[in-house]
Each structure stands twice: as C-alpha cells, then as structure tokens.
Amino acid sequence: MAAKTLTIDGKQLSAEEGATVLQAAAEAGVKIPTLCHLEGLHDIGACRLCLVEVAGGPKLLPACTTLITEGMEVTTASERLKNYRRLTLELLFAERNHVCAVCVANGHCELQTLAGQQGLDHVRYDYCFPPWEVDATHRLFGMDHDRCILCQRCVRVCWDIEGAGTKHVSGRGGKAKIISDLDDDWGDSETCTACGKCVQACPTGALYHRGSTVGEMVRDRSKLEFLVNAREKKLWSV
Amino acid sequence: MGGLMTLADLQQIKERELAAQKKIVLRCCLAAGCCSSDAHGVKERLEKAVAEAGLHHDVEVRGVGCLKLCCAGPLVQADPAGTLYTHVTPESAPSIIAALRGDQTALTQTDPNAAFFALQHSIVLAHSGRIDPERIEAYIAVDGYAALLNALTELDPKSVLETVVRSGLRGRGGAGFPTGLKWGTVAKSPGAKKYVICNADEGDPGAFMDRSVLESDPHAVLEGMAIAAYAVGADQGFIYVRAEYPLAIARLQTAIKQAKRLGLLGSGIFESPFHFNLDLRIGAGAFVCGEETALMASVEGQRGTPRPRPPFPAASGLWGCPTLINNVETFANIPPILRHGADWFAGIGTLRSKGTKVFALAGKIKNTGLIEVPMGTPLRTIVEEMGGGAPDGGRIKAVQTGGPSGGCIPAHHLDTPVDYESLTTLGSIMGSGGMIVMDDSTRMVDVARFFMEFCMDESCGKCIPCRAGTVQMHHLLEKILARRATARDLAKLEELCDLVQHTSLCGLGQTAPNPVVSTLRFFRAEYDELLQPDPHGPRPAAASAPGATVS
Amino acid sequence: MIAALAPGKPKAAVRAAQLLGSDQRFKILEGHIKKYQHRQDALIEVLHKAQELFGYLEDDVLRFVAWQLKLPASRVYGVATFYHFFTLKPPGAHTCVVCMGTACYVKGSRRVLAAVEEHAHLKAGGTTPDHQLSLLTARCIGACGIAPAVVYDGTVTPRQTPETAVEHIRKWVAS
Amino acid sequence: MERLKIATVWFGGCSGCHMSFLDLDEFLLDLAARVDVVYSPVVDCKDYPEGVAVCLIEGAICNEDHLALLHRIRARTRVLIAFGDCAVTANVPALRNHLGSGNAAAVLQCAYLDHAQDRPRLPAEAGIVPVLLDRVRPVHEVVYVEHFLPGCPPPADRIKALLTQLLHGLTPHLEGPPLTFG
C-alpha cells in the first residue's frame, strides 16, 4: 500500500494509506485521548474525546474513524480541543454515579485517569444522581450501571470477537442501557458464554469480576489484541 | 397490463380521463387535517345529495388532497367557479348542491383569490387539492409519468443528471445541498448495486409539508424517485415514512400497487431495460432517523443511531452500497423540472435558491395551513399578507423556522427573504419547512426549553455531548425558568451550546443548541430578567487579584 | 430423547413451537415473517405487525420474533426499545394522545395535557390502574393547522381545550 | 508581617482529609509559625471568625447546619478550598441522592429503625439534631470555591504545595502526577 505523508502537531510523518489519524498519531508517539476506542474492535466515534482539528476544514473530526490523506495537517491538542475534552469528561461524571473512592476500578479506570490528565479537578454541572442498579446475578461477573459510560466496548467485543450477541444497548438518550438478552438478569442469559471479554474491555468499573473490591479490578487489555491477531492474522504472539 | 406501458397507453388513459370529466367537480379535501373534522362524512353526504338531486351525470364529488387552508377545514371547492366553502359539516354539505342551483346558502366561504391563495406559486403542490390521490389515472391525466417516459426513452442518465444540475435544485430536507451534485456523486460511485431512498420521516414538530405532499400527490414522489434511480443507476428504492402518518402510508401503498400494476414500477418500465423496485419502510417514532445515516440503519432493521461521515451515503450507504437520499419535496420537484425544463425552474426564486418552497404555517397566526412560495419571498409577505398576522389583536413576536434544529427570527427581521443563505445568516435554517408564528404571549426561554426537551428525548444516546449535554442544557433552562439560576449558570449554558454544536456526532446534536443560541441572540433580555443575583459568586477582580490568592 | 440431553429450561425452539400452538396470533405473525422471507432487516416491519396483533410487545413475542429471524434477543430488545412507537407494556382499553408538537405547544397543549393528567390522576406515558385509559404524548402528528390536536382512540380531534379534552375522556375514566 | 488566619471545617465526610492534613508532619510547625488556625475541628472555637484568609473545607453539604455555616464561611473568607472528594464531588455521602426525593427519611428509617439492634428511635431534638437536606451537594454547588483538591483523601504533599503557594501570594498551580478523584 502507498504511504501518505502528513503532519500531526507539527511533526512530519508518513503512514500507510488506509490508516486512521489515531493510528498514525500513535505511530508518531502522539497520544490522543480516547474512551470508546479499543484495539481490536471496530470504531464507532461515540465518545468524541479523540476529536482533532484538520487544517482546511471547519469541522472537528474523530481521529478514530478519520482516514489520513496526503498533506493533511492535524492538530490534536489545541486549547479549544483540550477545553472540549474537559467539558465532555465533566458531562460524563455528572451523568451517572461515578464514586471513584469506592469503585472497584479506582486507580485503574480510564475515565478517572483521563480526568486527571486533562486537569479536571471538579465538575461544574449539577450531578444527575440517577437511580441505576447493579446486576450481580451472574456467577462470575457483575454489571454496575452507575459506572457505565455507554462506550459500547462490551457490546462490540461480545458481537465482533466472541460472536454471542448477548450484550446490546436498549432505550435511547440518557435512558440508554447496556442489556443482556431481553434485558434479562445477566445470570439468566442463555447466550452468554461467560467468556469475560466484556469485563476485560470495560474502561471503567461498570463491569467487574465478582469478589473484587475497591481498586482491585485490573484489566488485561492485551488479551483482546492477542485474540484478534490470532483470529484474523493467525498470529499467536502473547 | 404490467410492464408494457407505452406512450400510446399513457395517452389513452389521459384521454379517457379527460373525456369522463364532468361539468361540475366538488373537490373535498381528504388530507389529515380535514379528515380529523369528519371530511369523509362531508364527502359521503355530498355524494348522497348529488344522487338524490339526480345530478350524477353533471356533478362529480372528488376526494382530493390538501386544499391548504387547514384552519378552515373541512374544505370543499366547487369547480368550475372555484367557490371555496369552509367549515363544512355533513349536515351543511347538501346546501352546496342547493347553491349549485342558485339557491342561497348559509355556508361560509372564503375568497379563493385572497392573498393566502393568490400569492402561492404551486409546483410541488400543483396537483394538491385538484386530483384524486388514490387514482393513478388522475395523475396520468395531468401528464403524470410523462417525465419518466421521456427520460427513459429520449434521454440518457447523464442528460437527466445534467438537467437537475442546471435547474439549481437544492435539497428540501433542510441543509440545502445541491441535488444535482449529490446525484452526480452517487452516479459516479462504483458499485453494481445502488439504492435510492426517499426520506419521508418528517420529524420536525410543526412541519407537515411532506405529509401533505404524500397524501395529496403520492405518484409525483414515486415518479421523481424512479427518475432519480434512472439517473444514478439504482434499481431498488425505499420510502422511509413515519408511522405517525397512517393516511400517507395508505396512499403510498395504494400508489405503489397501482404503479406496479401499470408497469410503471418493476422491470422493463416503458419497454426500456430500466427496472426499479420500490418498497415502503415504516418508521417507528425516532426523530433522529431523519438523519441519513440513522435512517439507513433503520431501513436495515437496526437501532436508528447515526455513524460518523465520511464515508457519505453516496459512497457507502445502505448495506455498504452507494445510496441516494433525498426528501419528499425534493423528489416531488423532479417531474416538473423534467417536464418544463431546467431553465424554467432556474428562473424561479433567487440567485442561489431556485424554485419554490412549501411551508407549513402554524402557531399564533390567523391562516394556518400549507403554502408554496417562490424562494426569496419575504417572511413578512408570508406571515402578514398570506397568514393574516396574529389572531385576536396580538402582535407577531417571532417566527420559528427549521424545527428543533432551527431558530427564532424576531419580528424586526420579517423583511428577510426566505432563502437558504438569509435564514442561516439569522442563525436559523430553512429546515424542512415548518414555520411557527409566535406572538407577544410566547416566552422565548420557554420555547428554548421546549425544543431542548425535544432534543433530549430524541437523542439516540450514542455520543456523549448530545446525550449528556442536552440533559444539562435542559436542566439549566429549567433552572433559569424557575428563577434559580445566576449569570454563572447562563455562562455554563452558552459554553455547553458551543460544545454540543461542535463535538456532537450527527446533525441532531450539532443543531440541538440552535433554539437556545438564536433566542439568546435576539431575546437575551428575557433570559437576563429571570437571572438571580449571585451573592456567593466569584469575588470582583479588585478584591482578590488574580483570582484566588490570599495576599 | 435429545431433549433429555439438555435438561433445564426449554430451548428457544421448543418455546417458539409451544407459542405457535398456544395462540393463533403467533401463526399469523409467522406467516407475516415468511412473507419477508425471514429477512433480518425486516425486524422493524415484523415488530409493527406484532404490535398490531398483540397490542404491545410482551417478552414472549419478542423472543418469538428473535427466534424466527435468528437474531439475538438483545438486538430485538434494543430495537424495540429504541423506537417510541413500540410499547412493551399493555396499553389501556382507550388511548388519549396529546400532541406536543410546536404548533400545538404554543397554542396551549401543555394546559390540555395538565387537565387530562389531573382528571385521570395519571402522568403522560401511564395507564390507569383499571387499564381503561392510557395517556400518551406525541412529538408532532403533523396536524399543526388545527392545533392543539388530541388523538382519542385513533381519531384526530382538532382545536382542543382543557375542557373539551376532559369532557372527552370523562366516560372512559368514570366507567 | 501580619499572621494569616487559616480555618479548616469538617462537614459530611469521614475526617480522612483532616487526617491527611495532619500527615503534613513538620510542615505543620512551619505553618504554625506563619499562620493562626482560628477555626477547626482541632481548635476550640465556637464561632467562625471574620477575616479568614484560607479555609479548607472537608465534606459534602448534608444538612441545614452545614448550609448555614458554609454561607457564613463564604462571607468571612477570602479563599475557599474544597478539600477532598466529599467536598469536591459529594462522594459517598451523596449515595443517598439516587433514592430521589424523600431519601433523607428513607435513609434514617433504614439506619435507625429497620437495622437498629437496640432501642430503634429516630434522632430528633429540635435545635440540636440538624435537619437533613433532600440533596447532598458538593461545596461548589452552593457557594463559589476558589480551589479544588480532589482525592480520597488528597495526598499530603498536594495539600502542602497548595498552601505554600497560597501563603507566598502566588496563583496556585499544581504540577506533577495528576490529581484524580478517588
């Protein structure tokens, strides 16, 4: 494939045609914040944290779904973008009940880490405090909707990699919810294979291993990459 | 017949229709507005009265589409005189027959030459209220399907495309993208399978133009779609219509069935190699499905959530195939453009906005209903001359265009010509054509809250700025209305508007703040009035320079 | 015999067969699905038909549709809950839909709704305990020319006031 | 140089943030040399004085006493610091907010009646037991707050950095590993 040259944050670089801005940036060592992106899953451009400025166009574009073009000039961390990222994170914290201090993922949470990196020290919007519940019916895993940011990584991993189609999104807007089967108790699911990939994919403390307590829920993302490489490229490199 | 339709057949149907034409035609509006006031009862009673009077050789009682002045329904218009009876009831209907014989009638009438009608320029609505939308023969009698025939037999797809480009037609769904350019992109996109979709998911509250077109002249849309399919090389079409429009759905079903029966849809249309299949898809109540990528997801039987563009539908749409999506009114413009030529169409309207636009006039205005005017008509002409101004001595305060994605244009800008660019300059949009008039009694912050609630409920929930941002904006507006907000809250609201506009995934989110932005622009005082002093706010700069140090 | 190898709950296939035998409406639905050649993209069309037959989409119906279209239940549920038109709860014997479109709103549909809510002791979206009346709101029914409009049992009624609306539902709430 | 008046206050929280403050060890001695701690859980003073330079606020705003005192603090203090997650996010004390309106009664019922092991009785004494608010709020939802120190608890070196910069009259700017909630 042909290579394209482009500039990201002033850095000249070249990347293969068909690469996304996010991939090209990663190769060049430029880290763009993401939440819904996960290596091995198809991108949906939902979290809007990876939005970047591209010279010549007024619109901000998601780095995860935008393909590179020849001569493209990308800015990933202007003051404007940083501000938008902070606001977006604030919205997420206010939306559900993210109580970091007592969360299983405390210290290992992508949302928490991003907030720290973006210098978010408080949330100016009124918290919504919605009454979400915890599904602790599965013998191995739990789902705490309070911590869910609807990134759909669990849904995509369940459909794209495991292929079971257990998880999906129900409802819409602020009432959207990750479900198992017909919004059944997860423990009653007839399709769930208990593979645990969704738990590995979750960026926050929404999906967890039962029995893990505050700060204990550490994920192994490399397993997903390993699986995708094994399935698609027939390469088994642990 | 099926598949063997020729010019001669078309001519024959037309002649038969014209020959059967009776001296007097009583046209009964059977569009949804009048139907809700028992227009069917009126029609039945009229038919009975005609039979009783033994006039059935001279008088035809015809169910037609929208007669436009919805506020005065049920409407009956009597040809050839053109007398327009208003507020007809089944009880009062027989006196129309009496009036035909010259008797006095107590029925109210309205002047069919009043400004509301006289200033209209009907292209899309040319057949609305004139022909029976449930009979394909009636459409053929007004030269229906002749444009398709001409295209298939005389023109190659390229020249059809060229005609549309030259006409200057722009998308009537809201954004005003040049239709010819869109068609050209789809035509050029590689792929053996292509689709044409008609977006009839008219979701803007306060808009009923597309409903009226579908109810009044469904074949025009079918013909427009077939021509489009021919031009871009598609063989399958879908009409995505909202479930809230049962009458439009029924008439479309009838129209499709009739067109298939006559071989005007299907394979080998007009003995050409062109074939075009058309299916109806019924929406299920989701505003976001008006967004094209969400609409396609819905046609595929999925949750109607949008996806990032590019790739655009023209390159990769339905099931990954190149797909042309236009709205109802856009397709309805196609047959007249092909019949009368691109230059004729380009001669109507303004430099950059060609042709006419249909608007649904509603709200605090005397004459509510459907109007079609040349692009560039001043708003004042529409609301004051045609609409008759605010009722009950009220004063017009603002005109809302573009639904939840649009804005409120204040009364002092009423001289603005209605075209894509002028409305955008004023922070509103043309939108699909809903036009809601507001008078003195309307509180603009409440209007903003109303639209924000709409967007909040209709957000699909996929992207964060729209899903969570609309909730916070709505919360802030409620706070302002409850007189609990401070200037800091208003600043937060404005900041959120900016965020949601620029970072949302699809058009719904990107335009959701518009009603707030536009009311803030023109009616800021109404917001300020509701704000509370902020005793615990940040210290004035002098008391603690720079911000928050202690020395 | 094979069933004995998979003890526990009946599998979806067995359940679907039971439903087919238990209720004529499932047969009709199956016929409709056949008309669409079991195409998965016909899911919304099939749900429309199912709601028409059953009045609402109960779990058994959704599971039946999932089985027939060979779709995961999660997808069927995700779609059924995405669209406002589908309801998963049984509606009342009568329905009253107050249009809350812009034109109706500026002409006072909020007061109409409030009056009905007060009279029926019901919030929009709810059904009376005796299942006589469901009160709903619509985004816009496109009847803006005759605002404010209310749909009583499927009949669009023009120019409603709090008084006329209450008058209309009185017989349903009282009985 | 005039000695600055410093205060700390303990609202709805576990006092862990104050513990973290005490973890400042010998810095407390430096601090004592420069400032007067005029109001604090560790100081015997009934009324919040006027003219306070800095106040560290631990805890969420849970009851009417908190609310009244916070307003007084804001009126009498130049710089407020929301001190720890409870003050910054309302944190654990706000868990009852999800129960919606009437949550205060529900929580009291659960704690003092349903699960009482001995003599179930609601704590009620007019003027002594403060009335719970229906919504537990972070401090900045009630009054303007100049600085935020999230963390459960905030690490001692962060507290030190912020106080040092403030005492030197600088506009605070915290560097180093990011400060996060939790």
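A, B, ... follow the sequence lines: proteins, then strands. Residue 1 opens every chain.
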Quick check for you: among [options], which has the greatest number of heavy-atom pairs under 4.5 Å with chain C?
{"options": "B:Glu244, B:Met438, B:Glu458", "result": "B:Glu458"}
{"options": "B:Gly203, B:Gly285, B:Gly403", "result": "B:Gly285"}
{"options": "B:Asp457, B:Thr442, B:Leu361, B:Asp38", "result": "B:Asp457"}
{"options": "B:Ala32, B:Ala31, B:Gly461, B:Ser298", "result": "B:Ser298"}
{"options": "B:Gly304, B:Cys34, B:Pro404, B:Gly369", "result": "B:Gly304"}

Region of [X] that comes under 4.5 Å of a non-hydrogen atom in chain C:
{"X": "B:Arg281", "result": "both"}
{"X": "B:Thr305", "result": "both"}
{"X": "B:Arg211", "result": "side chain"}
{"X": "B:Leu370", "result": "neither"}
{"X": "B:Val299", "result": "backbone"}
{"X": "B:Ala360", "result": "neither"}
{"X": "B:Glu202", "result": "neither"}
{"X": "B:Cys289", "result": "side chain"}
{"X": "B:Ile436", "result": "side chain"}
{"X": "B:Ser212", "result": "neither"}

Leading residue by heavy atom contact count with chain B [cutoff under 4.5 Å; candidates [options]]:
{"options": "C:Gly101, C:Ala103, C:Cys144", "answer": "C:Cys144"}
{"options": "C:Gln51, C:Arg110, C:Arg39", "answer": "C:Arg110"}
{"options": "C:Ile146, C:Val151, C:Leu47, C:Ile141", "answer": "C:Ile146"}
{"options": "C:Leu71, C:Val79, C:Val46, C:Leu43", "answer": "C:Val79"}

Is there a donor-acceptor pair under 3.5 Å between the side chain of [X] and the backbone N or O of [Y]?
{"X": "C:Thr102", "Y": "B:Pro205", "value": "yes"}
{"X": "C:His84", "Y": "B:Phe287", "value": "no"}
{"X": "C:Glu45", "Y": "B:Ile282", "value": "yes"}

Can you see which heavy atom on B:Ala284 is nearest to which on C:Tyr83, and at what distance?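 For B:Ala284 versus C:Tyr83, the nearest heavy atoms are O-CB, 3.1 Å.
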Nearest heavy atoms of B:Arg303 and C:Gly78, plus distance in Å: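 Minimum heavy-atom contact is NH1-O, 2.9 Å.
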Atom [atom1] of residue position [X] - does it have more than 12 heavy atoms of other residues, nucleotides or ligands inside 6.0 Å?
{"X": "C:Glu118", "atom1": "CD", "result": "no"}
{"X": "C:Lys89", "atom1": "NZ", "result": "no"}
{"X": "B:Arg395", "atom1": "CZ", "result": "no"}
{"X": "C:Lys123", "atom1": "NZ", "result": "no"}

If you measure from [atom1] on [X] to [atom2] on [Y], what distance do you get to the nearest 0.5 Å?
{"X": "C:Arg75", "Y": "B:Gln302", "atom1": "CZ", "atom2": "CD", "answer": "4.0 Å"}
{"X": "B:Glu300", "Y": "C:Gln40", "atom1": "CD", "atom2": "CD", "answer": "11.5 Å"}
{"X": "C:Tyr105", "Y": "B:Phe451", "atom1": "OH", "atom2": "CZ", "answer": "10.0 Å"}
{"X": "C:Cys140", "Y": "B:Phe454", "atom1": "SG", "atom2": "CZ", "answer": "8.0 Å"}

Can we say C:Arg139 and B:Asp204 salt-bridge, meaning some charged N sits less than 4.0 Å from an Asp/Glu carboxylate O?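 Salt bridge flag = no for B:Asp204 with C:Arg139.
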I want to check something: taking the side chain as every heavy atom from C-beta on, are C:Thr157 and B:Ser36 in contact at a cut-off of under 4.5 Å?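 SC-SC contact between C:Thr157 and B:Ser36 ruled out.
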